[in-house]
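Comments concern the structure below.
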Number of protein chains: 2
Amino acid sequence: MKFDEVDVLILEELQKDSRLSIRELSKRVNLSPPSVTERIRKLEDNGVIEGYTVKINKKKIGFSIDCIIRVTMKNGQYERFKTFIREYKLSEWCYRTAGEGCFLVKLSAKSLNDIEEFVNSIASYTTTETILAFSEVEINNNINKFLKDK
Amino acid sequence: MKFDEVDVLILEELQKDSRLSIRELSKRVNLSPPSVTERIRKLEDNGVIEGYTVKINKKKIGFSIDCIIRVTMKNGQYERFKTFIREYKLSEWCYRTAGEGCFLVKLSAKSLNDIEEFVNSIASYTTTETILAFSEVEINNNINKFLKDK
DNA sequence: GCTGAAAACACAGACCC
DNA sequence: GGGTCTGTGTTTTCAGC
């Protein structure tokens, strides 16, 4: 798809605040409101923009422990695990991985007990390695970081 | 903080589409627009709502490889690595971890060559284990999943 | 890509339950 | 805590260029 600097500017501004009005957005990128609307529509149609969401601070609502768990299937029951993890109440993301282990899962938990429960609940058909996160290193995720210097 | 079902409903709707107007939001949660505005303001002030952002599909803009790298420092140069990773052009998130390894880093890359470059660039003071992601398992991240059944 | 006018919306104040 | 009304200014949308 076509994709110019103005599109990147729009994505940057929406990344910082997706509730910005079209009007304010149009001022920041020096275009008229209808033009900005049209560009956003195209980015949505192309699937570059998947949606707009709110960032919720999980720590503020009691989920103070982040951990990543490496899950290895004992008997190749991949689909069983996938079905389970999609709706598991503490799961945030999950990747099917190459190398040691079969899945990498991120949990957001209230206590270590939550994590023990998780591990126990899949222990019959998996083995696990639990990696506790001490802290998160804040990363610059501005889309421009990925696209510049080419 | 206080936190009732209506607050959860508001967060759910904003999670699905943060560009909703206050009016539309108020219809969906059966409250008047001023009340919804006030609740959102409180959620923002309390830090539960950290911000509003756009979901960008990285695959659509050429970043088709996801990988997670376990980084171990040879000489404890944690700050050096943190400073590096914060602005590294392919990094998406990073955790300081307990257990084997010191950091877990997620990269979004265009090619395996990108990943080789990353590993090479920190090889002098770290050792790494690269975990390629075959695919992502789509997780239900509705905030209600975390809060229900208590 | 732009403008311009009509319709929809957000916000603030005053007031009440 | 919640709701309404009303006024003001802003924003979106759509037609036409």
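Order of the sequence lines fixes the chain letters, A, B, ..., with proteins taken first and strands second; residue numbering starts at 1 for each chain. Basis for what follows: all heavy atoms, side chains included, without hydrogens, waters or symmetry-related copies.
For residues 111-142 of chain A, the set of pairs meeting the ring pair (Phe, Tyr, Trp, His ring centres under 6.0 Å) definition, not counting sequence neighbours, comprises Y88(A)-F118(A). Residue pairs meeting the ring pair (Phe, Tyr, Trp, His ring centres under 6.0 Å) criterion with at least one member in residues 2-55 of chain A: none, sequence neighbours excluded.
Checking side-chain atoms of K148(B) against main-chain N and O of I143(B) turns up no donor-acceptor pair under 3.5 Å. Remark: the backbone N or O of L132(B) is not paired with any side-chain donor or acceptor of T97(A) at under 3.5 angstrom.
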Inset, instruction - Heavy atoms under 4.0 Å is the rule here; annotate nucleotides 12-17 of chain C 5' to 3' with B where the base is hit, S where only the sugar-phosphate is, and - elsewhere. - result: ------
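A heavy-atom distance below 4.5 Å is not found between the side chains of T72(A) and T128(A). For the pair K110(B)/S64(B), no side-chain contact is recorded, criterion being any heavy-atom separation below 4.5 Å from C-beta on. At least one side-chain heavy atom of D66(B) sits less than 4.5 Å from a side-chain heavy atom of K106(B). Between V137(B) and V105(A) the shortest side-chain heavy-atom distance does not fall below 4.5 Å. Side chains of I56(B) and L14(A) form no contact here, defined as non-hydrogen atoms less than 4.5 Å apart.
Between its opening and closing five pairs, the helix from dG1(C)-dC17(D) to dC17(C)-dG1(D) changes axis direction by 40°, a value rounded to 10 degrees.
For K55(A), the side-chain contact (heavy atoms from CB on, under 4.5 Å) criterion is met by E50(B), T53(B), not counting sequence neighbours. Applying the side chain to side chain donor-acceptor pair (under 3.5 Å) rule to N140(B) yields the partners E87(A); only residues at least two apart in sequence or on another chain are considered.
Salt bridge present: R28(B) and E24(B) bring a charged side-chain N and a carboxylate O closer than 4.0 Å. A salt bridge does not link K89(B) to D114(B): none of the charged side-chain nitrogens sits closer than 4.0 Å to a carboxylate oxygen.
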Pair up each side-chain donor or acceptor in residues 31-42 of chain B with any protein partner under 3.5 Å, not counting sequence neighbours, and list the distances.
{"unit_1": "S32(B)", "atom_1": "OG", "unit_2": "S35(B)", "atom_2": "OG", "d": "3.0"}
{"unit_1": "T37(B)", "atom_1": "OG1", "unit_2": "P33(B)", "atom_2": "O", "d": "3.0"}
{"unit_1": "E38(B)", "atom_1": "OE1", "unit_2": "R41(B)", "atom_2": "NE", "d": "3.4"}
{"unit_1": "E38(B)", "atom_1": "OE2", "unit_2": "R41(B)", "atom_2": "NH2", "d": "2.9"}
{"unit_1": "R39(B)", "atom_1": "NH1", "unit_2": "D4(B)", "atom_2": "OD1", "d": "2.9"}
{"unit_1": "R39(B)", "atom_1": "NH1", "unit_2": "D4(B)", "atom_2": "OD2", "d": "3.3"}
{"unit_1": "R39(B)", "atom_1": "NH1", "unit_2": "D7(B)", "atom_2": "OD1", "d": "3.1"}
{"unit_1": "R39(B)", "atom_1": "NH1", "unit_2": "D7(B)", "atom_2": "OD2", "d": "3.3"}
{"unit_1": "R39(B)", "atom_1": "NH2", "unit_2": "D4(B)", "atom_2": "OD2", "d": "3.2"}
{"unit_1": "R41(B)", "atom_1": "NH1", "unit_2": "D45(B)", "atom_2": "OD2", "d": "2.4"}

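Y95(B) shares a hydrophobic cluster with I68(A), W93(A), Y95(A), L104(A), I131(A), I68(B), W93(B), L104(B), I131(B); the chain of contacts runs through ILVMFWY side chains whose heavy atoms sit under 4.5 Å apart.
What separates CD of E38(A) from P of dG1(C) is a distance of 8 Å, to the nearest Å.
Stacking of R70(B) on the aromatic ring of F103(B) is not recorded, the 6.0 Å distance cut-off and the 45° axial limit not both being met.
Taken residue by residue, residues 4-23 of chain B places heavy atoms nearer than 4.0 Å to DNA chain C at S21(B), I22(B), R23(B). At a non-hydrogen distance threshold of 4.0 Å, nothing from residues 39-55 of chain B comes into contact with DNA chain C. Residues of residues 24-32 of chain A having a heavy atom closer than 4.0 Å to DNA chain C, listed by number: L31(A), S32(A).
Nucleotides of DNA chain D that come within less than 4.0 Å of any heavy atom of chain B span, from the 5' end to the 3' end, dG1(D) to dT4(D).
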Inset, instruction - Determine, stepwise, if the pair N141(A) / E92(B) fulfils side-chain hydrogen bond (donor to acceptor under 3.5 Å, both in side chains). - result: CA-CA 6 Å; N141(A) 259 315; E92(B) 237 179 34; over 6 Å; no
